[in-house]
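One structure below.
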Amino acid sequence: MLEALQGSLFDNPVDSAGAPQLGPLRDRVRRTALEHGAWVDQLPTWLAGGDLLLEALLHDVPWKAERREMYERIVDVPRLTKFYEADEPLPHPLLIRARDALSEFYGAELGEPFVTAGLCLYRDGADSVAWHGDRIGRSRNQDTMVAILSVGSARSLMLRPRSPSARSGGHSIKHSLGHGDLIVMGGSCQRTWDHCIPKTSRPVGPRISIQFRPRGVR
Ligand SMILES: O=C(O)CCC(=O)C(=O)O
């Protein structure tokens with residue numbers, strides 16, 4: 001499954017050791033306001049030199065198959081996941097740096113730090129996640145933020161308003177998430193919008209999504 005990975009595919013040199021490096025957030029993050037009090041922040045290539053991180057996570061994370069309730073049935077989710085609770089050690093020091101940098105940058109606006117890390121592995125274009133909002137816990141009725149660092153093959157993250165009437169005009173927004181890109185969904189985004197990673201017939205290799213959330217948001 002993971003043999004498709006070749007370091008050279010994601011060539012993004014930063015230093016002689018190829019160590020992953022996070023860039024600054026201030027003055028580089030671009031915010032787009034969406035309807036219903038939601039917004040999306042984006043920073044392409046926040047992480048440079050992510051090849052080693054991708055390889056380490058593919059190898060070191062105890063990936064497991066996920067099952068999810070959908071339309072009142074329990075179904076297999078076509079991707080592998082590992083959720084790191086607030087007090088669980090993270091599998092790579094770069095994730096600690098990323099979480100702490102996000103907490104520092106967004107802390108005043110969010111009012112609390114990011115504490116959990118949800119990791120998802122999309123092995124190829126057949127892996128995906130269906131339309132949903134992260135509405136388990138406080139995010140069901142409170143504004144919050146979910147910050148996603150993406151490594152590996154580029155995949156589309158789609159967003160559409162949650163209410164069927166609001167999306168009657170085929171209103172969906174596509175973000176291409178490439179190797180090292182950051183996207184942050186904020187405001188009411190988890191309550192008033194849904195997002196998904198659709199399957200693709202393009203020949204893509206693995207992608208890992210690293211999602212940082214505050215306590216009590218899932
Ligand atoms: O793969 C992604 O970046 C999105 C993941 C996601 O929406 C989720 O796990 O709730």
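As the structure lists them, so they are numbered: ligands from 1, and atoms in each ligand from 1. Keep in mind that this is a model prediction, so the values were computed, not measured. Because only heavy atoms are used, hydrogens play no part in the values below, and waters and symmetry mates are left out as well, while side chains stay in.
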- Arg218 to Phe83, cation-pi by 6.0 Å centre distance and 45° axis angle: yes
- Task: Check whether NZ of the Lys or CZ of the Arg Arg28 lies under 6.0 Å from the centre of the six-membered ring of Trp46 and within 45 degrees of that ring's axis.
- Result: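 No, Arg28 and Trp46 do not form such a contact.
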Tell me, which protein residue and heavy-atom name are nearest [atom], and how many Å apart are they?
{"atom": "atom 7 (O) of ligand 1", "result": "His195 NE2, 2.8 Å"}
{"atom": "atom 10 (O) of ligand 1", "result": "His132 NE2, 2.8 Å"}
{"atom": "atom 2 (C) of ligand 1", "result": "Ser209 OG, 3.1 Å"}
{"atom": "atom 1 (O) of ligand 1", "result": "Tyr122 OH, 2.6 Å"}

With a heavy-atom distance limit of 4.0 Å, tell me whether [X] approaches ligand 1 through its side chain, its backbone, both, or neither.
{"X": "Arg155", "result": "neither"}
{"X": "Arg79", "result": "side chain"}
{"X": "Asp134", "result": "side chain"}

- Message: On a heavy-atom basis, which atom in Ala154 and which in Arg202 lie closest, and how many Å separate them?
- Response: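 Of all heavy-atom pairs spanning Ala154 and Arg202, the closest is O-NH2, 3.3 Å.
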- Considering non-hydrogen atoms only, spot the tightest contact between Ser139 and Arg191 and give its length.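 Answer, listing the atom of Ser139 first, then Arg191: O-CG, 2.9 Å.
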- Check whether any side-chain heavy atom of Leu110 lies under 4.5 Å from a side-chain heavy atom of Pro214, and answer yes or no. yes
- According to the interplanar angle, ranging from 0 to 90°, do the rings of Trp39 and Tyr106 count as parallel (below 30°), tilted (30 to 60°) or perpendicular (above 60°)? parallel
- Task: Classify the side-chain pair His132/Asp134 by whether it contains a donor and acceptor separated by less than 3.5 Å.
- Result: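 Checked: His132/Asp134 side chains pair up, N/O donor to acceptor below 3.5 Å.
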- Atoms of ligand 1, numbered as shown, that sit under 4.0 Å from any heavy atom of Arg213: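 The list of qualifying atoms is 8 (C), 10 (O).
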- Counting from 1, what ligand 1 atoms have a heavy atom of Cys120 closer than 4.0 Å? 9 (O)
- From Phe114 atom CZ to Asp100 atom CG, the distance as rounded to the nearest 0.5 Å: 11.5 Å
- Message: Could you check whether any heavy atom of Gly118 sits closer than 4.0 Å to an atom of ligand 1, since that is the contact criterion I want to use?
- Response: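 Checking ligand 1 against Gly118, which is what was asked, there is no heavy-atom contact under 4.0 Å.
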- Heavy atom of Arg218 under 4.0 Å from ligand 1?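 Per 4.0 Å heavy-atom rule, Arg218 does not contact ligand 1.
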